[in-house]
Amino acid sequence: MSKKYKNYDITLVVTHRCNAKCIMCSSYKNPSCVKNEITLEDIEKIPASRFIQITGGEPFMRTDLEDIVGILSRKTKRLMINTNGFFTDRIVDLCKKYPSLAIRISVDGRKEVHNSIRRIDIYDRAIDSLDALKKLGIVDLGISFTLQENNVDELIEMYKFALNKGVDFGVGIIHNSFYFSKDDNAIKDRDRLKDELKKLVCMQIKSKRKKDWARAFFNDKSIDYIDGKPMSVKCDAGISSFTIECNGNVLPCNMTPVAWVMGNIKEQTWDAILASSEAEEINNRCRNCKLNCWSICNVQSSLKKRIWVPGLWLIKNKKF
């Protein structure tokens, strides 16, 4: 009998420790204490889910990451790790053991730009990791690009770079949240970002890769997000999309100014958390949320349920 998975998309933050000092994220200033981070026993409580992604901080700062992957690989159809790519040997060794892992490596532009954003000398290591995983035969491999004014002129070149490498290319817009320990990220020249995103959407919608068509839809709606327009799809945070923080707190998402805590996986079972009065109150808050976020981590669950939304957009915009 096939394994039953909950229709959940779960983001697991395994640490807030990080070796980078990114200008758009201050996690490195508030690193989690190792002894307080979520344990393997806690992770065993996470339900079998359609999709689980591991993130940080930098996940490869955890010395027991292989054990974490061992547990979660039994609990999901698709397991992803988001990394800055610095620890090439660790990344490659893990993927040799778990070749079905999805890996996303942060690259925010060419060498000088990327290093200036990450504020460490990391570009060469990130590309070495990407190349090593490509050579290893990792199929679910991609670049994550955080779009901001510092790298807006790099967007199209990095998309072409990803195409040349034969890997996916995902774009996120700089934003604030408790998760990044930031409240001063801002976009001053919106038109520049929107113009480059429009170029990217045009290129992606003409692509032969179906994944690019889906990305074109997401990036087109990112333009609406920059303009502050209501998003065409509301997220399902707290219903089918969750974030589990490294201290065990279970949240609907990681986009809020402060953490909206539904419960704690260290102290409760998953079912007890979802059945709690705290979870009910947070869910009510989510359904009336005015943050108007647009993050693939949080909206992909909703899009899977409402596939006709990007489908109709594609029919309207793509000439087959």
Side-chain angles (χ1 to χ4, degrees), residues 7-13 16 22-27 49-57 80 82 104 106 108 144-149 152 155 169-188 190 193-194 196-197 200-201 214-245 249-262 279 281-307 309-310 313:
N7 285 326
Y8 293 156
D9 287 355
I10 292 179
T11 296
L12 174 62
V13 184
H16 275 292
C22 304
I23 61 176
M24 64 283 191
C25 176
S26 294
S27 282
S49 303
R50 173 180 54 195
F51 172 66
I52 300 175
Q53 64 173 328
I54 298 171
T55 190
M80 176 183 288
N82 299 298
R104 294 296 179 270
S106 297
D108 295 322
S144 296
F145 183 96
T146 303
L147 180 62
Q148 52 200 281
E149 286 175 282
V152 61
L155 179 63
F169 183 70
V171 181
I173 310 298
I174 189 173
H175 58 270
N176 295 305
S177 82
F178 81 90
Y179 170 68
F180 297 108
S181 299
K182 291 286 284 187
D183 60 8
D184 59 352
N185 286 326
I187 300 171
K188 296 178 181 178
R190 296 181 179 181
L193 269 68
K194 287 160 46 181
E196 294 306 304
L197 278 171
L200 178 61
V201 169
R215 288 291 182 182
F217 166 80
F218 180 82
N219 292 328
D220 183 68
K221 298 309 168 187
S222 292
I223 297 170
D224 290 343
Y225 167 75
I226 291 171
D227 274 336
K229 295 179 181 178
M231 304 318 299
S232 57
V233 177
K234 288 276 289 183
C235 74
D236 282 335
I239 297 176
S240 57
S241 180
F242 302 89
T243 293
I244 303 174
E245 266 284 357
N249 282 341
V250 176
L251 320 170
C253 75
N254 58 8
M255 302 288 283
T256 51
V258 297
W260 292 358
V261 182
M262 305 172 76
E281 189 276 327
I282 292 298
N283 259 313
N284 287 334
R285 195 183 302 179
C286 288
R287 304 291 72 81
N288 294 287
C289 179
K290 306 299 183 185
L291 290 175
N292 201 38
C293 306
W294 190 247
S295 165
I296 194 62
C297 298
N298 299 312
V299 79
Q300 64 180 343
S301 174
S302 183
L303 285 173
K304 289 171 185 174
K305 296 178 184 177
R306 302 165 179 85
I307 194 65
V309 177
W313 179 90

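One-based numbering along the sequence shown.
Under the rule for a salt bridge (charged side-chain N to carboxylate O under 4.0 Å, His left out), K234 has no partner lying at least two apart in sequence or in another chain. Under the ring-ring contact (aromatic ring centres under 6.0 Å, His included) criterion, F169 pairs with F145, Y159, not counting sequence neighbours. Qualifying side-chain contact (heavy atoms from CB on, under 4.5 Å) partners for C293, counting only residues two or more places apart in sequence or in other chains: M255, L291. Among residues two or more places apart in sequence or in another chain, the side-chain hydrogen bond (donor to acceptor under 3.5 Å, both in side chains) test is passed with E281 by R285. R215 pairs by the salt bridge (charged side-chain N to carboxylate O under 4.0 Å, His left out) definition with nothing, not counting sequence neighbours. By the ring-ring contact (aromatic ring centres under 6.0 Å, His included) test, F242 pairs with Y8, W270, sequence neighbours left out. In this structure R190 satisfies the salt bridge (charged side-chain N to carboxylate O under 4.0 Å, His left out) test with no other residue, sequence neighbours excluded. Under the side-chain contact (heavy atoms from CB on, under 4.5 Å) criterion, R287 pairs with I239, N283, sequence neighbours left out. Here S177 pairs with Y179, F180 under the side-chain contact (heavy atoms from CB on, under 4.5 Å) rule; sequence neighbours left out.
A salt bridge (charged side-chain N to carboxylate O under 4.0 Å, His left out) check over residues 291-303, counting only residues at least two apart or in different chains, returns nothing. Pairs passing the salt bridge (charged side-chain N to carboxylate O under 4.0 Å, His left out) check and including a residue from residues 172-188, sequence neighbours excluded, read K182-D184. Within the structure, every pair that satisfies the side chain to side chain donor-acceptor pair (under 3.5 Å) test and touches residues 223-232, not counting sequence neighbours, is listed here: K194-D227.
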**OP:** Could you go through the side-chain contact (heavy atoms from CB on, under 4.5 Å) check for V152 and L147 one step at a time?
**Re:** CA-CA 6 Å; V152 61; L147 180 62; 4.3 Å; yes

**OP:** Show the numbers, then the answer: is there a side-chain contact (heavy atoms from CB on, under 4.5 Å) between S240 and K305?
**Re:** CA-CA 10 Å; S240 57; K305 296 178 184 177; 3.2 Å; yes

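With hydrogens and angles disregarded, no donor-acceptor distance shorter than 3.5 Å links the side chain of D9 to the backbone of R50.
Atom CG of D220 is separated from atom CG of L197 by 9.0 Å, given to the nearest 0.5 angstrom. From F218, atom CZ reaches atom CD1 of I173 across 7.5 Å, with rounding to the nearest 0.5 Å.
Nearest heavy-atom pair across S222 and W294 is OG-CD1, 3.4 Å. Taking both residues in full, the closest heavy atoms of L251 and A259 are given as CD2-CB, 4.0 Å, listed atom of the first, atom of the second, then distance. Nearest heavy-atom pair, G238 versus M262, reported as atom, atom and distance to 0.1 Å: O-CE, 4.0 Å.
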